[in-house]
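Remarks on the structure that follows.
Hydrogens, waters and symmetry mates play no part in the numbers below; they use all other heavy atoms, side chains included.
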Amino acid sequence: MLDKHYDPRTVEAGKYEKWKENDYFKGGRDLSKKPFSMVIPPPNVTGKLHLGHAMDTTIEDIIARYKREVGYDVLWVPGMDHAGIATQAKVEAKLRAEEGVSRFDLGREGFLKKAWEWKHEYADTIHAQWAKIGLSVDYSRERFTLDEGLSAAVRHVFVTLYNEGLIYQGEKIINWDPELRTALSNIEVIHRDDEGEFFYFQYDIVGTNESLTVATTRPETMFGDTAVFVNPNDKKYKHLVGKMVINPANGEEIPLMADEYVDIEFGTGAMKCTPAHDPNDFLLGKKYGFEFIKCIDETAHMNEKAGKYQGMSRYECRKALVEDIKAAGKLIKIEKITHSVGHSERSDTVVEPMLSKQWFVRMKPLAEKVLATQKGSDKVNFIPKRFEKVLIQWMSGVEDWCISRQLWWGHRIPAYTNIKTGELVVTEEAMDPTLWKQDEDVLDTWFSSALWPFATLGWPNEEAADFKRYFPTSVLVTGYDIIFFWVSRMVFQSLHFTDKSPFHEVVIHGLIRDAQGRKMSKSLGNGVDPIDVIEKYGVDALRYFITNNTTPGMDMRYIDEKVASAQNYLNKIWNACRYVEGVLGEDYTPRPLNKKTLGVLDAAIVDKLMRTIKAVRAEMDKYHFSQASSILYNFVYDDFCSSYLEMSKVALAKEGEEKEVTKDVLYTVMKDIILMIYPYTPFVTEEMYLSLPAHKESIMDELYPEYDRTLLNKKAVEKLAILEGMIKDIRNYKSTGGMAPNAKVKLVISPAEPFKGYGDYLKRFTFASSYEVKKENLGGSSFLYPGFEMMVEEDVDPALLKEKLLKDKETLSFEIARSEKMLGNPGFVAKAPKEKIENETQKLEKNKALLESVLNKLASL
RNA sequence: GGAUGCUUAGCUCAGCGGGAGAGCAUCGCCCUUACAAGGCGGGGGUCACAGGUUCGAAACCUGUAGCAUCCACCA
């Protein structure tokens with residue numbers, strides 16, 4: 001027997017462990033079933049999981065549990081990501097704080113040992129959180145992006161792409177993070193509008209008295225300047241092109257040149273060129289064969305090229321240099337501007353564009369394959385559709401991917417240089433370290449994540465059982481913020497190496513924000529820890545909240561009251577179940593429903609149950625979880641709890657078959673409700689399920705309710721609707737008349753009950769002290785319904801009744817007018833669907849009849 | 001400069017071609033034997049604005065305004 005109050009803590013205890021031990025989460029338990037597979041987006045081993053993870057994984061868990069329930073062999077692969085930069089930064093910070101050492105003090109090997117310790121610690125935390133949330137992942141298949149299998153796959157991919165000419169080493173302008181001291185890819189740079197200054201300097205022209213003005217936001221890069229450019233069509237400067245100008249930073253002479261690239265309208269129309277510290281200037285430098293002069297080092301300090309400014313940080317240098325130029329009289333003016341500045345995603349420092357030798361993936365051929373595939377039948381389907389555009393746009397304009405990182409925590413690049421000859425070899429084999437020196441750098445974390453859906457299934461061994469059975473995966477769930485980082489890269493790697501898209505569908509969700517709609521962040525301190533929420537409301541309430549309040553692709557706010565209301569809802573179901581359980585008794589044996597023995601109210605609730613099953617399944621299949629759960633919510637609250645469950649008390653008070661049938665119906669409906677809510681809230685539904693008679697070992701042994709068309713019964717539903725209408729009228733009548741809801745009334749019906757036992761239900765729901773049926777008309781003070789009337793004796797206030805009749809008259813007239821207008825419209829009759837027209841006609845007739853009796857009644861009052 | 005999304009009840013949001021919905025808040029009544037973490041009843045919306053398509057538009061199209069977000073090398 002269930003306790004009176006639903007207590008999440010006791011309900012949740014032990015269930016996860018039991019499921020796990022009994023292998024319910026394991027894929028491949030029944031190979032006769034159709035496979036359905038997913039991979040978890042591997043969380044970073046950098047810390048605790050946040051609400052965003054809870055949302056992402058809850059959606060996946062609902063899918064996994066639902067698919068199992070409808071009969072699939074579900075494999076859901078868990079795992080974690082080593083998260084190169086992020087983890088290394090955290091480990092370094094910890095070492096600094098706790099031991100006062102840097103990674104360089106420990107050396108590569110020593111540092112990696114610490115990093116692995118960190119990994120194990122945080123993996124434990126993450127495992128505990130997964131358990132708490134209830135994720136039904138297959139632990140026997142758990143992977144890590146740095147494990148042996150993934151590492152082998154990474155090497156294989158790197159070497160293959162290298163041999164195909166799709167990976168190359170090159171010297172280009174890359175985004176350099178001077179704090180973490182590593183290269184970054186373009187998408188790891190966050191562009192933000194920052195306040196800055198635009199400095200206008202005077203450049204004297206050698207051999208003339210003339211000068212021109214050049215504007216820059218970055219004076220410190222002037223030590224790397226090799227030219228000044230103007231537009232060849234710019235009349236202001238035409239006569240000066242070809243002359244030398246004096247760089248006011250160091251007094252050096254550099255040429256004034258012309259190139260179409262320069263925008264005449266921007267700034268002064270004259271632009272300084274720093275080929276080693278600006279991507280556009282780099283291109284100009286290449287075009288004109290300039291020297292590439294680096295004047296800023298890896299820590300963003302000035303080097304020897306900066307002369308007396310050497311050793312200053314780029315900002316100190318900027319300040320000092322501007323002062324000096326001003327003192328020399330060459331500063332024209334300083335303007336405030338806001339301009340877009342690149343920041344490192346991880347360290348938030350201003351990224352320094354810098355010439356550097358790095359490894360790159362040649363993106364164009366890979367991207368083209370993606371674009372071609374998206375036009376065919378093997379395309380990846382996005383839910384919602386619009387996100388496909390994000391992928392396509394990015395792929396269309398994508399630049400080569402800088403994949404080398406100057407870190408230690410990651411997959412070391414499998415490139416070796418011969419110590420004697422300098423020969424470069426790229427190979428999967430481990431080379432003799434006495435002869436060959438391996439590249440010091442590691443790969444971008446996303447390089448390994450990109451292989452996740454197939455490498456976790458055993459690839460590159462194409463004969464691996466899991467790979468053969470479960471690849472391509474069925475669906476991927478992830479946030480829109482990592483379509484570039486992850487989704488797109490999985491797609492192109494998968495297409496290149498397996499010839500298939502890695503998943504059929506991608507379900508995109510949004511971000512979870514705080515109650516004010518702000519992004520949750522450490523600096524704002526507005527983050528919500530899912531574990532706190534679970535402590536307070538239980539994990540089922542959190543899961544229900546998350547999935548009932550999210551629309552695919554849209555951001556949502558975390559609102560505490562909504563989690564509370566989710567818990568209330570679960571408490572409601574809990575109590576309904578407690579009631580049903582009490583009614584059934586311990587010796588109840590379930591019987592299948594028999595259409596012939598069902599009473600009118602039984603048939604009506606069963607009809608509604610069937611429609612609910614159908615609608616909920618349809619929404620679940622489309623991954624519209626909030627739609628599905630709100631359909632269910634309405635059924636549970638209105639149709640079951642408020643209506644049928646209350647009405648069942650009448651039949652249960654009797655003895656015999658009617659009572660037994662009612663028990664069967666209560667059992668079936670209750671069980672189906674539990675089975676449908678189960679994917680959302682597995683813990684509480686397991687508890688309720690196990691309290692029902694004739695249960696199996698676990699709710700996970702059950703199948704999803706089936707829609708049975710033969711159990712529909714439109715007439716019963718209509719009869720129920722009239723009964724409910726009458727109940728509502730009486731309640732309303734009491735309320736407006738100032739009577740208490742439970743005030744006693746006497747009821748009379750004429751000329752006959754719509755079905756047997758009608759009056760018992762009316763009595764039960766309206767606190768009637770007596771009830772009778774009369775053949776003759778009831779006179780002035782009665783309520784009217786299609787085919788019969790009802791009177792509340794004694795307490796009736798004619799004025800109130802008249803008010804109600806007038807209101808009825810008004811609504812009916814309005815409805816009739818509406819119907820008549822519709823049906824009188826030749827366009828409607830000609831073009832609307834038949835069913836719609838019939839419906840409308842029936843309504844019109846019914847309303848007309850009712851209106852007539854209302855008018856008669858009013859006249860007789 | 002491109003692209004996308006949003007604008008619906010006091011608040012947070014669903015709905016996205018056939019009669020305006022939910023949760024919370026609010027007002028009134030009720031400890032009725034599943035549930036007071038509850039029950040019953042009510043109030044509250046020209047669905048941003050302007051055109052158009054349609055028999056029919058909150059929903060589709062076009063434009064306008066405001067607010068978000070993403071992408072982009074303008075020194």
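Judged by distance alone, with hydrogens and angles left aside, A:Lys649 brings no side-chain donor or acceptor close enough to the base of B:rU33 to form a pair under 3.5 Å. A donor and an acceptor atom sit less than 3.5 Å apart, one in the side chain of A:Lys572 and one in the base of B:rC35.
A donor-acceptor pair under 3.5 Å is formed between the side chain of A:Lys734 and the backbone N or O of A:Thr766. Put simply, the side chain of A:Arg543 gets close to the backbone of A:Tyr680: a donor and an acceptor are under 3.5 Å apart.
Within 4.0 Å of A:Pro353, counting heavy atoms only, lies no atom of the nucleic acid at all. Looking at heavy-atom distances under 4.0 Å, A:Leu645 makes contact with a base. Residue contacts for A:Gln393: at a heavy-atom cut-off of 4.0 Å it reaches the sugar-phosphate backbone alone, with no base atom in range. Within 4.0 Å of A:Phe767, counting heavy atoms only, lies at least one base atom of the nucleic acid. Within 4.0 Å (heavy atoms only), A:Ser340 reaches no atom of the nucleic acid at all. Using a 4.0 Å heavy-atom cutoff across all strands shown, A:Glu581 reaches no nucleic acid atom at all. In this structure, A:Asn732 reaches the sugar-phosphate backbone alone: every heavy-atom distance under 4.0 Å involves primed, P, OP1 or OP2 atoms, never a base. A:Tyr537 comes within 4.0 angstrom of no nucleic acid atom, judged by non-hydrogen atoms across all strands. Using a 4.0 Å heavy-atom distance criterion, A:Met556 is classed as making no nucleic acid contact. Residue-level contact check: A:Lys389 touches the backbone only, with heavy atoms under 4.0 Å from sugar-phosphate atoms and none from bases. In this structure, A:Tyr6 reaches the bases: a heavy-atom distance under 4.0 Å links it to at least one base atom across the strands shown. A:Ala576 comes within 4.0 angstrom of a base, heavy atoms only. Among the protein residues, A:Ser565 comes within range of the sugar-phosphate backbone only, with heavy atoms under 4.0 Å from sugar or phosphate atoms but none that close to a base. Nucleic acid contact class of A:Cys641 (heavy atoms, under 4.0 Å, all strands): base.
Not less than 6.0 angstrom separates the ring centroid of A:Phe545 from the ring centroid of A:Tyr537.
Pairing of B:rA68, defined by two Watson-Crick or G-U wobble distances under 3.5 Å, is identified with B:rU4. Nucleotide B:rG44 has no partner under the Watson-Crick or G-U criteria, as no pair reaches both atom distances under 3.5 Å. B:rA50 is paired with B:rU62 under the Watson-Crick or G-U wobble criterion, all donor-acceptor distances under 3.5 Å. Of the nucleotides present, none pairs with B:rC16 by Watson-Crick or G-U wobble criteria with both distances under 3.5 Å. The partner of B:rA25 is absent, by the rule that a Watson-Crick or G-U pair needs both atom distances under 3.5 Å. The partner of B:rG38, taking Watson-Crick or G-U wobble pairs whose two distances both stay under 3.5 Å, is B:rC30.
Closest approach to the A:Met554 side chain among B:rA75, B:rG5, B:rA36 is made by B:rG5 (side chain taken as heavy atoms from C-beta onward). Closest to the side chain of A:His5, out of B:rC71, B:rA14, B:rA37, is B:rA37. Of all nucleotides listed (B:rC30, B:rC73, B:rG41), B:rG41 comes nearest to the side chain of A:Lys728. Comparing atom distances between the A:Glu399 side chain and each of B:rC73, B:rA14, B:rA22 picks out B:rC73 as nearest. Which of B:rU12, B:rA34, B:rC73 sits closest to the side chain of A:Ile559 comes down to B:rU12. Closest approach to the A:His191 side chain among B:rC73, B:rG23, B:rG15 is made by B:rC73 (side chain taken as heavy atoms from C-beta onward). Candidate nucleotides B:rA75, B:rA34, B:rG18 were compared by shortest atom distance to the side chain of A:Phe198, and B:rA75 ranks first. With B:rC35, B:rC24, B:rC73 as the candidates, the nucleotide lying closest to the side chain of A:Glu561 is B:rC24.
Atom P of B:rU53 sits at a distance of 30 Å from the matching atom of B:rG2, rounded to the whole Å. A distance of about 7 Å separates the P atoms of B:rC47 and B:rA58, rounded to the whole Å. B:rC6 and B:rG41 have their C1' atoms separated by 36 Å, with the value rounded to a whole Å. Nucleotides B:rA14 and B:rU54 have their P atoms positioned 31 Å apart, rounded to a whole Å. Atom C1' of B:rA72 sits at a distance of 32 Å from the matching atom of B:rC49, rounded to the whole Å. On the C1' atoms, B:rC31 is 14 Å away from B:rC40, given to the nearest whole Å. B:rG5 and B:rG21 have their P atoms separated by 27 Å, given to the nearest Å. Rounded to whole Å, the P atom of B:rG43 lies 37 Å from the corresponding atom of B:rA68.
Mapping A:Ser819 and A:Arg386 onto RNA chain B via the closest heavy atom, the residue that lands nearer the 5' end is A:Arg386. A residue-by-residue look at A:Lys4 and A:Thr736 shows that A:Lys4 has its nearest nucleotide of RNA chain B further toward the 5' end.
Between the side chains of A:Ser648 and A:Tyr579, at least one donor N or O lies within less than 3.5 Å of an accepting N or O. Side-chain contact of A:Asp193 with A:Thr338: a donor-acceptor pair under 3.5 Å is absent, judged by distance alone. Donor-acceptor pairing under 3.5 Å is lacking for the side chains of A:Asn548 and A:Tyr569.
Distances shorter than 4.0 Å separate none of the side-chain N or O atoms of A:Ser735 from OP1 or OP2 on B:rG42. Residue A:Tyr637 has no polar side-chain atom (N or O) positioned under 4.0 Å from OP1 or OP2 of B:rA22. For A:Asn742 and B:rC29, the shortest distance from a side-chain N or O to OP1 or OP2 is not below 4.0 Å. Phosphate proximity of B:rA75 to A:Arg218: absent, as no side-chain N or O sits under 4.0 Å from OP1 or OP2.
Rounded to an integer number of Å, the gap from CD of A:Glu619 to C1' of B:rA14 is 12 Å.
Annotation: cation-pi pair A:Lys389/A:Phe382 absent, no NZ/CZ under 6.0 Å from the ring centroid and within 45° of its normal. Geometrically, A:Lys663 does not engage A:Tyr588 in a cation-pi contact defined by less than 6.0 Å to the ring centre and at most 45° from the axis.
A:Arg9 and A:Asp7 are not joined by a salt bridge, as no carboxylate oxygen comes within less than 4.0 angstrom of a charged side-chain nitrogen.
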